[in-house]
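First the structure, in the form of structure tokens, and then the observations on it.
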Amino acid sequence: MDKNNVPIGAIQGILGHENRKTIEIYLHSIGQAERDAIAVYERANREFHTESHTEANPVEVEIDVSD
């Protein structure tokens, strides 16, 4: 997120850290191995999300709008 210019305050809120210093520590200490791991996680998350929307047997939801 930091590399994509997301404000540090927004990152802090998303990750649920109370102290801004915690985010700063993570941003300065992350190395290539951690970046690679994040990339793997993001790809897996996208693939799961896509698969969940393209299942062969979608769930049908019936909504009753009568009063």
Side-chain angles (χ1 to χ4, degrees):
M1 289 185 281
D2 183 54
K3 294 257 183 216
N4 288 296
N5 300 316
V6 174
I8 195 166
I11 298 171
Q12 177 183 351
I14 290 167
L15 296 179
H17 293 147
E18 291 184 24
N19 189 332
R20 183 182 180 113
K21 292 281 185 196
T22 304
I23 299 299
E24 292 171 356
I25 290 168
Y26 284 119
L27 292 178
H28 294 295
S29 66
I30 191 167
Q32 191 59 45
E34 290 83 3
R35 284 181 174 69
D36 292 344
I38 291 167
V40 169
Y41 170 79
E42 289 173 342
R43 280 193 306 274
N45 194 40
R46 276 194 303 270
E47 290 171 10
F48 174 77
H49 181 78
T50 301
E51 289 173 7
S52 70
H53 289 285
T54 59
E55 292 178 356
N57 299 313
V59 176
E60 292 185 27
V61 177
E62 186 175 320
I63 300 173
D64 183 5
V65 292
S66 61
D67 287 73

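What you see below is based on every heavy atom in this structure, not just the backbone, and it leaves out hydrogens, waters and symmetry mates. Heads up: numbering here begins at 1 and tracks the sequence. Remember, it's a predicted structure, so these values are computed and weren't measured experimentally.
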Tell me which donor-acceptor pairs under 3.5 Å the side chains of residues 30-37 have, and how far apart each pair is, sequence neighbours excluded?
residue: Gln32; atom: NE2; partner: Asp36; partner atom: OD1; Å: 2.8
residue: Glu34; atom: OE1; partner: Gly31; partner atom: N; Å: 2.9
residue: Arg35; atom: NH1; partner: Ile30; partner atom: O; Å: 2.9

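- Between the NZ atom in Lys21 and the CD atom in Glu24 there is a gap of 5.0 Å [rounded to 0.5 Å].
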Ignoring hydrogens and angles, write down the donor-acceptor pairs under 3.5 Å from the side chains of residues 8-17, residues two or more places apart or on other chains.
residue: Gln12; atom: NE2; partner: His17; partner atom: O; Å: 3.2
residue: Gln12; atom: NE2; partner: Glu18; partner atom: O; Å: 3.1

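- At distances below 3.5 Å, not a single donor-acceptor pair connects side-chain atoms of Asn4 with backbone N or O atoms of Val6.
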